[in-house]
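So you know, we letter chains A, B, ... as the sequences are listed, proteins then strands, and number each from 1.
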Amino acid sequence: MGQSWKPLSRTEMAARVARDIPEGWYVNLGIGMPTLVSDHIPAGKDVIIHSENGIVGMGPQPKPDAVNPWLVNAGKQYVTLVTGGAIVHHADSFGMIRGGHIDLCVLGAFQVAENGDLANWATLDDAMPPAVGGAMDLCAGAQRLWIMTDQTTKSGEPKLVERCTYPLTGLACVSRVYTNVAVFDVSVSGFELVEAVPGLGIDELQDMTGATIRGKG
Amino acid sequence: MGQSWKPLSRTEMAARVARDIPEGWYVNLGIGMPTLVSDHIPAGKDVIIHSENGIVGMGPQPKPDAVNPWLVNAGKQYVTLVTGGAIVHHADSFGMIRGGHIDLCVLGAFQVAENGDLANWATLDDAMPPAVGGAMDLCAGAQRLWIMTDQTTKSGEPKLVERCTYPLTGLACVSRVYTNVAVFDVSVSGFELVEAVPGLGIDELQDMTGATIRGKG
Amino acid sequence: MIDKFVSSVTEAVADVRDGSTVMIGGFGVGQPVHLIDALIEQGATGLTIVANNAGIGRAGLARLLELRRVRKVVCSFPRTADPVVFDELYKKGEIELELVPQGTLAERIRAGGAGVAGFYTATAYGTKLAEGKETCEFEGRHYVFERALHADVALIEAWQGDRWGNLTYKEAGRNFNPVMATAAKLTIAQVQHKVDLGSLEPNAIATPSIFVNRVVHIPYGDPK
Amino acid sequence: MIDKFVSSVTEAVADVRDGSTVMIGGFGVGQPVHLIDALIEQGATGLTIVANNAGIGRAGLARLLELRRVRKVVCSFPRTADPVVFDELYKKGEIELELVPQGTLAERIRAGGAGVAGFYTATAYGTKLAEGKETCEFEGRHYVFERALHADVALIEAWQGDRWGNLTYKEAGRNFNPVMATAAKLTIAQVQHKVDLGSLEPNAIATPSIFVNRVVHIPYGDPK
């Protein structure tokens, strides 16, 4: 039998995350999929995007003929500065992160555990040189950490698990997970289902998940 | 018999200290007598005065009709900013001091010991509330610490001593002492006389000093 | 639309609670004098004040002390030209003093704002102000362990402010203000000039909006 | 008269010695590319490099690595779009890597510049990058002890510079540059614009002259 539900596209996932961000928050968006979130914050709703390299108030990609070559984001892509934006140096920028001033960070994940542990910086393949960037600082410092990820890997392995098997980025730091099929709160009692895509039942979702899902209490 | 020598005035002491400061040094001058040193740095000789409250490149007192009420020194007196001066916040300013970036600090003293210990922040009178300001940071952080002080207290007690009896500001931090009658280097072997005012012999100077003076080696 | 301007200092400090730790910026200039007066009116008591000094004369911070609203002062220099109130309370044993070297004070506040729990500094090693503190030797030099300072409220003074709370300071008015702005749960700034969002040069903003919760526009002129 | 301008990058790096620790600013933009090229020419070897990454492609820092002039890299992200040289050396075990979370890297450099010997941070607690490090609990939270980083030389890039060495940066070109400027015995800046002393707004100078030893004027245009 064919599946009766349809996973969200990356754009739909980004829009879903954006919907939950209130006006006034200072938000750091990780490299990759989380970056898309900023495209879905409505004009006129002041959500201030922070970039690790010292930008407070990062705007969207510039038009090709309006590039300021000195304005790049943490992924080294050209960006803009919004009206009201400010520039600081790297230690001050990470002071914002580590000092708890960022209201929300959205990151990708290899694995999220039911105790809120996150693994997103290293695999078990030791041949590659490890690279961490600012991920551990964001995990330790942001007020809230939300994860955007597919429910499973391309080969169907669950990414939401009982305990991470990959090296940890941070301990008990994830509070919410937005996947391509569902949204979960993460608390001391594990993964709690907030919503799933239409037509996807909790049993089928459980089969795609490596830890027990609780229904909304 | 009357004394055949004449102590230096405060102005002469300041001029004597200023003479030993090479161009290019960043210098912090303590509140009180050390402040006078800056008046004796010749125009055109770039010596950059640092003030704890975040001024790098402090200039002399302004004329009464040219006061910028937002420019005060660590003693809360009106000052000016020289061409090339910069303003930083208090943590960055003390980062300059504590990080070893200040070439020279000149402070006053209650007592200087032959091992370079300095006491200049508290007396033994416990009734007064203690106050330390930035003195301990300057002792610990400046590349060199020179002291400007009278050879003795008003009542004739020596201020250069074997060991300080007043509470210490810093340990083994003083490298030079300019008094109203002599100049001493301070090293592991104690006070070494560099010069004395004309007519003052080492024996008479020794009588005004609470530790053994060595002649110039 | 974010608009952190509030219409009065009274409104700005309305929810300061008894027992709060309050950082107060300023060093000769740059004191948030109107916010301090509002705090005096507001009535919160049992306060811990973190500032460079302990009040001058009988106004401002000194008045707050005189009204017995301050339990403890954390500062580097409680002895100024005219610190009569602190002196009296101190001699009577009616106020607690934590005396901190000025650079250690600034660094502890900066640590609080930057997520540093504690750090080793050479300042005060071997002196009375390091008594009872943990020490450590690194590469032959001795250091004293100091903990971060946090506050419930920071009252600061700035030169220009926009509706997001971006701030600039004027010359020596900067002092402790930007550092304290980072270390409090609630940072309130009084500013001389209210400017349009976007009118401050992004590379020259001294306190980015992220650190500021409320701004009050008070064009009070000369600071003395 | 202080004049920290030197006439060429060759002169600027002439006395860098074998075995030095060299900090290199930049993060996408703001790399001191001409100073790095001069260091390649100059010949110093056995270097420890402190930077955010470990070189891209085969030019600049990557070229320095390829020439086997670098013993060790201290960085947060040695894996970029095209980090072929570092990869090869790393897989052959011919270069040492100290991997540091980006914020911890920035903070360790800042500590080096500010006289802080070491500090406690929550970053990396419980992860592989904290293995073997001292930890401590403060108010129920766990922290890792990290030491300050110092350098013999910092190579940085800035936007404007005057003869005293006061510097400004352009937007994201700021990044690690002002922090590294504080942490080295010898700080060398390449600047796009040479400006007269006094033409920079004192309240907007990002790196005061005290941290800078040499300045080279290189109007090189677009950073990419």
Nearest 0.5 Å, please: how far is OG1 in Thr127(C) from CG in Asp117(B)? 11.0 Å
So which of Gly103(C), Ala122(C), Gly30(C) has the largest heavy-atom pair count under 4.5 angstrom toward chain B? Gly103(C)
From Asn68(B) CG over to Glu171(C) CD, what is the distance, rounded to the nearest 0.5 angstrom? 5.0 Å
Tightest non-hydrogen contact, residues Ala172(C) and Ile55(B), listed as CB-CD1, 4.5 Å
Tightest non-hydrogen contact, residues Arg79(C) and Pro129(B), listed as NH2-O, 2.8 Å
Quick one: what part of Val79(B) sits under 4.5 Å from any heavy atom of chain C, side chain, backbone, both or neither? neither
Decide yes or no for Tyr125(C) and Cys139(B): does some side-chain heavy atom of the first lie under 4.5 Å from some side-chain heavy atom of the second? no
With a strict 4.5 Å heavy-atom criterion, list every residue of residues 135-143 of chain C that contacts chain B, or say none. Arg141(C)
For a 4.5 angstrom cut-off between non-hydrogen side-chain atoms, does Trp159(C) reach Trp70(B)? yes
Do Arg98(B) side-chain atoms and Thr121(C) backbone N/O form a donor-acceptor pair below 3.5 Å? no
Hey, which residues of residues 173-180 of chain C are touching chain B, say heavy atoms under 4.5 Å apart? Gly173(C), Arg174(C), Asn175(C), Phe176(C), Pro178(C), Val179(C)
How about Tyr166(B): does its OH atom have over 12 heavy atoms from other parts shown lying under 6.0 Å from it? no
More than 12 heavy atoms of other residues, nucleotides or ligands under 6.0 Å from NZ of Lys63(B): yes or no? no
Does the side chain of Lys76(B) reach to within under 4.5 Å of the side chain of Phe27(C), using non-hydrogen atoms? yes
For Asp92(B), is it the side chain, the backbone, both, or neither that has a heavy atom closer than 4.5 Å to a heavy atom of chain C? neither
Atom NZ in Lys128(C), atom OG1 in Thr169(B): separation rounded to 0.5 Å? 11.0 Å
What closest approach, in Å, do Leu99(C) and Trp121(B) show between heavy atoms, and which atom pair accounts for it? CD2-CZ3, 3.6 Å
Residue Leu71(B) versus chain C: region with a heavy atom under 4.5 Å: both
Of the non-hydrogen atoms in Pro130(B) and Pro78(C), which two are nearest, and what is the gap between them? O-CG, 3.1 Å
Under 3.5 Å, is there a donor-acceptor pair linking the side chains of Gln102(C) and Asp137(B)? no
Straight-line distance of Glu52(B) CD to Ser76(C) OG, nearest 0.5 Å: 9.5 Å
